Number of protein chains: 2
Amino acid sequence: MPALSVDKFHPGLSVDCVILGFHQNELKALLLKMKKMDKWALPGGFVEKEEDVDKAAVRVLWERTGLKDIFLQQFYLFGDVGREEEGHVEGLVQKGVIDRELAGWLKQRFVTVGYYALVEYSQVEAPQPDYLSESCEWRSLSALPELMLDHGRILEKAHATLKRQLNYQPIGLNLLPRRFTMPELQALYETLLGQKLDRRNFQRKMMGYGILIRTGERRTGGAHKSPWLYEFDEEKYRQSLAGGLNAGW
Amino acid sequence: MPALSVDKFHPGLSVDCVILGFHQNELKALLLKMKKMDKWALPGGFVEKEEDVDKAAVRVLWERTGLKDIFLQQFYLFGDVGREEEGHVEGLVQKGVIDRELAGWLKQRFVTVGYYALVEYSQVEAPQPDYLSESCEWRSLSALPELMLDHGRILEKAHATLKRQLNYQPIGLNLLPRRFTMPELQALYETLLGQKLDRRNFQRKMMGYGILIRTGERRTGGAHKSPWLYEFDEEKYRQSLAGGLNAGW
DNA sequence: CTTTATTGCGTCAAAGTGACACATTAAGTT
DNA sequence: AACTTAATGTGTCACTTTGACGCAATAAAG
C-alpha cells in the first residue's frame with residue numbers, strides 16, 4: 001500500500017466522477033470495485049490545497065481509471081451531513097485496505113462535488129483500477145451493483161441532469177463514434193430518455209438543428225437497407241451548446 | 001466586535017447567496033457594504049462542521065441580512081484557486097474589521113458554494129446588516145457597485161442560470177406580489193431576459209401553461225384601461241417546476 | 001427471385017408561433 | 001360632459017413545428 005500523504009489535500013472536500021458510456025443500446029457507468037468489499041464506487045478522490053476543483057476532478061479520474069483529459073462537467077455539490085455511513089471507515093481499516101493515517105483523515109466530515117462526462121465507450125479500453133480497487137468496469141445503469149455511501153444518489157442525479165439537458169443542448173459528440181447512423185443516434189436518445197421515439201420525426205427534428213453532416217457513405221454489413229453515416233458539425237455543435245437548441249424566448 | 005469561534009466551522013468552505021428581487025422594472029440584488037471599505041459583498045458565510053450545506057446557506061442569509069426561511073437554490077461551486085485576492089485579508093485586519101484569529105482562518109484556501117433565491121422585493125423591509133457590514137441594500141443589476149473578490153462573477157453566473165431556467169420552468173411565484181397584472185409579469189420576464197416581448201403573444205403563451213388564475217378583479221388607480229389581476233395556481237405551478245414547461249421530447 | 005426487416009422520404013392534420021389589427025376602457029383634458 | 005390618450009383585452013392570419021402514419025427503396029437471407 002503506497003503511502004498517501006494526506007496533508008497536501010484540502011480538508012473535507014472530495015470529487016466524484018460519473019462517467020457515462022453507451023454500448024449495445026445500454027447506458028453504462030464506469031465503476032470501481034472496492035478491494036475486499038462487495039460494494040462499488042464512483043471514481044473519486046481529494047482536491048489538493050492549491051488545485052482548482054475542476055482540475056482535481058480530471059486528475060482524480062486519470063489516477064483512478066487511467067482515462068486521460070476527459071471533459072468533466074460539474075453538476076452538484078452534495079453537502080448534507082450523514083452522507084457518511086457509520087462504521088464505513090473502520091471497516092476499511094480492519095480489512096487492511098487503508099492505513100491509520102488515511103482513516104483518521106477520512107473520518108472528518110466531507111462534502112463532495114459531483115462531475116459527469118459522456119465518453120465514447122469503445123475509446124476506453126481496459127481501464128486501470130488503482131491500488132484501492134480490484135477492478136474498474138462498465139456497469140449497466142439498468143442493473144447497477146450496490147454502491148457505497150451515497151454514490152447511488154450521485155449517479156442518479158447525474159443521470160437526471162443529463163436528461164434535462166437533452167431538452168436544450170445537443171448530445172452525442174463525445175458519446176458516439178465519430179461517424180454514426182441515425183438509428184444509432186436515436187437509440188442513444190431513447191436510452192437516455194427511457195422512451196421510444198418515432199424514427200421519422202426524430203430524423204426530421206435532428207436534421208433541423210443543423211448540427212449533423214451526412215457523409216456520402218453508408219454503413220454496410222448489417223442486414224437490410226444500409227443507413228447513411230453522419231458526423232457532427234463540430235463548429236455548429238459548439239454554437240448549439242452555447243446558445244441552446246430551443247431558445248424558447 | 002463579537003468573538004467568532006472559528007473552529008466550529010468546516011475548513012475552507014463557504015456559501016454565498018445571490019438574492020434577487022424585482023422593483024420598478026429593475027432586477028436588484030441584495031448586497032452588503034463592507035465596513036471601512038468601498039467594496040460590496042454578497043451575503044455569505046461559513047458552514048458548521050455538523051450542518052448541511054443547504055441549511056448553512058439559509059442560516060447565513062438570516063444572520064447577515066435578517067431574511068428568514070428563504071428557499072435557496074444551489075447553482076454552482078466556485079472552486080478555482082486564485083479566487084482570493086492578494087492582501088485582501090490583511091486589509092481587513094489593518095482596518096480593524098476582523099481580529100487575528102479570524103484573519104488566520106480566512107487565509108486558508110476557500111471554495112464557495114453559490115446559492116440563489118428570488119424574493120418579493122416589498123416583503124423585504126429594511127434588511128439588517130450584521131457587525132461586519134455597515135449597510136444592506138438592494139442594488140440594481142444594471143448599475144452594480146464594485147464587488148469584493150469574485151462576487152461579481154458569482155452574481156453573473158446566478159443571473160445566467162436563471163435566464164436559462166426561464167426556458168423550461170415557471171418563474172415569478174416568489175418574485176411578485178401574490179396578485180399581479182399580466183403587464184407586471186411580462187415586465188419581469190423582459191427584465192430577466194433583457195429583451196422586449198410582444199404583449200399579446202406573451203399573454204397567450206403564459207395562459208397556455210395553465211399556471212395562472214385570473215381573479216375577477218382589476219387593478220384600478222393607474223391611468224388607462226385597468227388590467228386583470230392574476231394569481232399563480234400553486235398546485236400547477238409546482239407541477240410545472242417538477243415536470244418542466246416545454247418537455248421537448 | 002422472393003421474402004423480410006430496416007431505412008429514406010413524404011403527407012396531412014393539429015398545435016404552436018410571430019406579427020399585427022381592432023375594439024375597449026380608465027384617467028386626464030378641454 | 002365630450003374628447004383625447006395610452007394602455008389593455010381579444011381576435012386574425014400566415015407560417016412553422018409537431019405527431020402520426022403511408023409508401024417506396026434496399027441489403028441480406030432463404
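Computed from a prediction, not measured in an experiment: that's the story for all the values here. Sequence lines set the chain letters: A, B, ... in the order given, protein chains first and strands last, and positions in each chain run from 1.
For the pair A/Pro227 and A/Asn201, both in contact range of DNA chain C, the more 5′-proximal nearest nucleotide belongs to A/Pro227. Remark on DNA chain C: of its neighbouring residues B/Arg204 and A/Thr181, the 5'-side contact belongs to A/Thr181, judged by nearest-heavy-atom nucleotide.
No N or O donor and acceptor, one from the side chain of A/Arg218 and one from the base of C/dG8, sit under 3.5 Å apart. Not a single donor-acceptor contact under 3.5 angstrom links the side-chain atoms of B/Arg200 to the base of D/dG9.
If you measure from atom NZ of B/Lys225 to atom C1' of C/dC22, you get 11 Å, rounded to the nearest angstrom. To the nearest angstrom, P of C/dG28 lies 9 Å from NE2 of B/His224. When rounded to the nearest whole Å, the span between CZ of A/Phe202 and C1' of C/dG8 equals 15 Å. Atom CH2 of B/Trp228 is separated from atom P of C/dA26 by 10 Å (rounded to the nearest Å). Put simply, CE on B/Met182 is 11 Å from P on D/dT8, counting in whole angstrom units. Atom C1' of nucleotide D/dA20 and atom CD of A/Gln203 are separated by 16 Å, given to the nearest angstrom. Protein atom CZ of A/Arg199 is 10 Å distant from nucleotide atom P of C/dT6, rounded to whole Å. Atom-to-atom, CE of B/Met207 to P of D/dT10 comes out at 9 Å; the value is rounded to the nearest Å.
Within 4.0 Å (heavy atoms only), A/Arg219 reaches no atom of the nucleic acid at all. Looking at heavy-atom distances under 4.0 Å, A/Gly208 makes no contact with the nucleic acid at all.
Closest approach to the B/Arg214 side chain among D/dT10, C/dT7, C/dC9 is made by D/dT10 (side chain taken as heavy atoms from C-beta onward). Set against C/dT17, D/dA7, C/dC9, the side chain of B/Lys205 has C/dT17 as its closest nucleotide.
Here CG of B/Leu20 is found 9.0 Å from OH of B/Tyr116. Values are rounded to the nearest 0.5 Å. Atom CZ of B/Phe71 sits about 10.5 Å away from atom OH of B/Tyr115, to the nearest 0.5 Å.
For the pair B/Met34 and B/Ala41, the tightest heavy-atom approach, listed with the atom from each and the gap, is SD-CB, 3.8 Å.
Using a distance-only test at 3.5 Å, with no hydrogens or angles considered, no donor-acceptor pair links the side chain of A/Arg64 to the main chain of A/Pro43.
In this structure, B/Ser226 does not reach the C/dT25 phosphate: none of its side-chain N or O atoms is under 4.0 Å from OP1 or OP2.
Among the candidates B/Met148, B/Glu146, B/Glu137, the single residue satisfying the side chain to side chain contact (heavy atoms under 4.5 Å, CB included) test with B/Trp40 is B/Glu137.
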